[in-house]
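Notes for the one structure printed next.
In this text, all values refer to a predicted model and were calculated from it rather than measured experimentally. Any value given below was found using the heavy atoms of this structure, including those in side chains, with hydrogens, waters and symmetry copies removed. The sequence lines fix the lettering, A, B, ..., with proteins before strands; numbering per chain opens at 1.
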2 protein chains.
Amino acid sequence: MRPSINVNQTERIVRALERAGYQATPNRRLVARLVAATGGHFTAADLLERGRRERVKIGRATVFRALEVLTALRVVERLELPSGSHAYVVCDPDEHHHHLVCSNCGRSEDVADGELARLVDEVGRRHGYRIETHRLELFGICPLCAAATEVTDPGGRA
Amino acid sequence: MRPSINVNQTERIVRALERAGYQATPNRRLVARLVAATGGHFTAADLLERGRRERVKIGRATVFRALEVLTALRVVERLELPSGSHAYVVCDPDEHHHHLVCSNCGRSEDVADGELARLVDEVGRRHGYRIETHRLELFGICPLCAAATEVTDPGGRA
DNA sequence: TTGACGTTGATACTCGGTCTCATTTGGCGG
DNA sequence: CCGCCAAATGAGACCGAGTATCAACGTCAA
């Protein structure tokens with residue numbers, strides 16, 4: 001674990017805030033740091049609890065508000081897990097993409113839209129819809145978790 | 001509006017319940033009917049309110065429970081609207097598909113998975129994930145709504 | 001310094017959904 | 001037809017995520 005990665009990530013988020021004209025207040029910096037420190041998806045409650053564990057006090061509403069602006073800036077996105085509940089993930093604000101999420105550890109990766117755009121177009125044409133937005137979410141087991149499972153369960157199960 | 005369409009749809013749902021070993025109680029029949037009568041997506045609250053309007057009394061919990069079993073039977077699915085809120089839609093329980101939803105009127109159509117499976121596979125391979133599930137949701141303007149808009153706003157806007 | 005405005009926290013509230021529990025009902029064997 | 005049991009139901013408490021309100025506070029510029 002190289003802390004520099006998260007520090008950079010935090011800075012990236014803070015800069016995004018400033019660029020958009022928001023004050024980079026201590027609270028927002030805190031949220032940025034907490035968000036950057038997550039490996040994978042998280043909820044507002046997660047952040048709140050980790051904040052508490054670090055003995056930093058921040059109001060619930062403030063966390064939600066920070067997530068709201070980060071979502072607007074597309075620094076984080078909200079996704080719906082297969083369970084039906086919501087979670088946030090950090091991601092690249094700069095290009096249209098989708099999410100590939102590990103059902104085991106929650107890690108999330110951005111996936112380029114790629115050929116999907118073509119497919120979406122085609123569906124639209126076929127059904128006569130003018131398509132405005134689409135959302136694709138992929139869930140599965142990431143390489144690390146797969147490797148870990150192999151160790152505890154060598155050879156797998158029938 | 002040909003009522004027979006909805007009657008058949010209702011029957012289809014009721015049969016699905018019975019096939020799965022659930023009692024087709026009056027309440028469940030009612031929910032089936034209400035669900036079948038929706039053009040597009042709906043919420044539990046919608047059903048409840050339409051029930052009330054018909055002066056049939058049914059408990060809130062019962063509606064949720066009915067939707068729960070219908071969801072399990074894949075007669076309805078829950079989707080997340082671009083607004084972030086949830087809604088249910090009726091759909092075909094028999095094959096894997098996705099939803100194309102009109103952002104204006106809420107009408108929803110099933111869309112075959114088609115080439116998406118291949119794309120999903122490829123993403124999985126490229127990222128080293130063993131993909132378990134995926135969800136694709138498309139939102140746009142359906143032909144009917146598009147036509148209606150043309151009438152009120154002929155030629156469109158620049 | 002003053003005032004405007006952005007930010008914050010506490011708290012109340014809403015909304016969708018679940019849980020509990022006592023009651024009712026449906027279906028079935030006798 | 002009776003009686004029984006499991007399934008289904010309704011009322012209402014509860015819950016978690018998110019929003020609204022409002023008063024207090026910070027920041028910055030004139």
Side-chain angles (χ1 to χ4, degrees), chain A residues 13-14 16-35 38 41-52 54-73 76-89 106, chain B residues 13-14 16-35 38 41-52 54-73 76-89 106:
Chain A
I13 299 177
V14 169
L17 281 168
E18 288 172 335
R19 237 184 303 117
Y22 292 97
Q23 297 175 21
T25 65
N27 274 334
R28 294 211 177 115
R29 279 170 191 282
L30 170 64
V31 171
R33 194 161 53 71
L34 292 174
V35 162
T38 57
H41 53 69
F42 58 90
T43 62
D46 290 340
L47 299 189
L48 229 17
E49 205 220 310
R50 284 199 284 128
R52 267 197 312 99
E54 294 191 17
R55 293 179 199 60
V56 218
K57 94 183 226 304
I58 183 171
R60 211 170 78 96
T62 304
V63 170
F64 276 106
R65 283 188 284 238
L67 287 176
E68 193 182 346
V69 328
L70 293 183
T71 305
L73 299 181
V76 308
E77 273 178 40
R78 226 174 70 162
L79 50 83
E80 186 176 7
L81 305 180
S83 70
S85 53
H86 286 142
Y88 300 84
V89 284
Chain B
I13 298 176
V14 170
L17 281 168
E18 288 171 335
R19 236 184 303 117
Y22 292 96
Q23 297 176 23
T25 64
N27 273 335
R28 294 212 177 115
R29 281 171 189 282
L30 169 64
V31 171
R33 195 160 53 71
L34 292 175
V35 162
T38 56
H41 54 70
F42 58 90
T43 61
D46 289 340
L47 299 189
L48 230 17
E49 204 220 310
R50 284 198 283 129
R52 269 198 310 99
E54 294 191 16
R55 293 179 199 61
V56 217
K57 95 182 223 304
I58 183 171
R60 210 169 78 98
T62 304
V63 170
F64 276 105
R65 282 188 285 238
L67 287 176
E68 193 183 345
V69 328
L70 293 183
T71 304
L73 299 181
V76 307
E77 273 178 39
R78 225 174 73 163
L79 49 83
E80 187 177 6
L81 304 180
S83 70
S85 53
H86 287 142
Y88 299 85
V89 283

Fill in the blank from the handout: Heavy-atom contacts, protein to nucleotides 9-17 of chain D, under 4.0 Å, summarised as B (base), S (sugar-phosphate only) or - (none) per nt, yield BBB-----S
Handout entry: d(CD, A/E80; P, C/dG16) in whole Å
Key = 14 Å
Exercise for the section: Mind calculating the distance between CD (A/E68) and P (D/dG18) to the nearest angstrom? Expected result: 11 Å
Completion exercise
The reported gap from CD1 in A/I58 to CZ in A/R50 (rounded to nearest 0.5 angstrom) is 12.0 Å
Practice task
Write down the distance between CZ (B/R29) and P (C/dT25), rounded to a whole number of angstrom.
Solution key: 17 Å
Completion exercise
The reported gap from CD in A/E77 to NE2 in A/H41 (rounded to nearest 0.5 angstrom) is 14.0 Å
Problem - B/Q23 CD to C/dT24 P, straight-line distance once rounded to whole Å - result: 17 Å
Problem - Pairwise side-chain contact, B/V35 with B/I13, heavy-atom cut-off 4.5 Å (strictly under) - result: yes
Problem - Whole-Å distance separating the CG atom of B/L17 from the C1' atom of C/dG26 - result: 15 Å
Fill in the blank from the handout: dist A/T38:OG1 -> A/R33:CZ (nearest 0.5 Å) comes out at 12.5 Å
Completion exercise
Separation of C/dG9 atom C1' from A/L48 atom CG, nearest Å, is 12 Å
Practice task
Rounded to the nearest angstrom, tell me the gap between atom CG in B/D46 and atom P in C/dC15.
Solution key: 13 Å
Fill in the blank from the handout: Rounded to whole Å, OH of A/Y22 lies from C1' of D/dG26 at a distance of 18 Å
Report, one line per pair, each donor and acceptor closer than 3.5 Å where one atom sits in a side chain of residues 17-31 of chain A; sequence neighbours left out.
{"from": "A/T25", "atom 1": "OG1", "to": "A/R28", "atom 2": "N", "distance (Å)": "3.2"}
{"from": "A/R28", "atom 1": "NH1", "to": "A/Q23", "atom 2": "O", "distance (Å)": "2.9"}
{"from": "A/R29", "atom 1": "NE", "to": "A/A24", "atom 2": "O", "distance (Å)": "3.2"}

Exercise for the section: Compare all side-chain heavy atoms of A/L67 with those of A/L47 and state whether any distance is below 4.5 angstrom. Expected result: yes
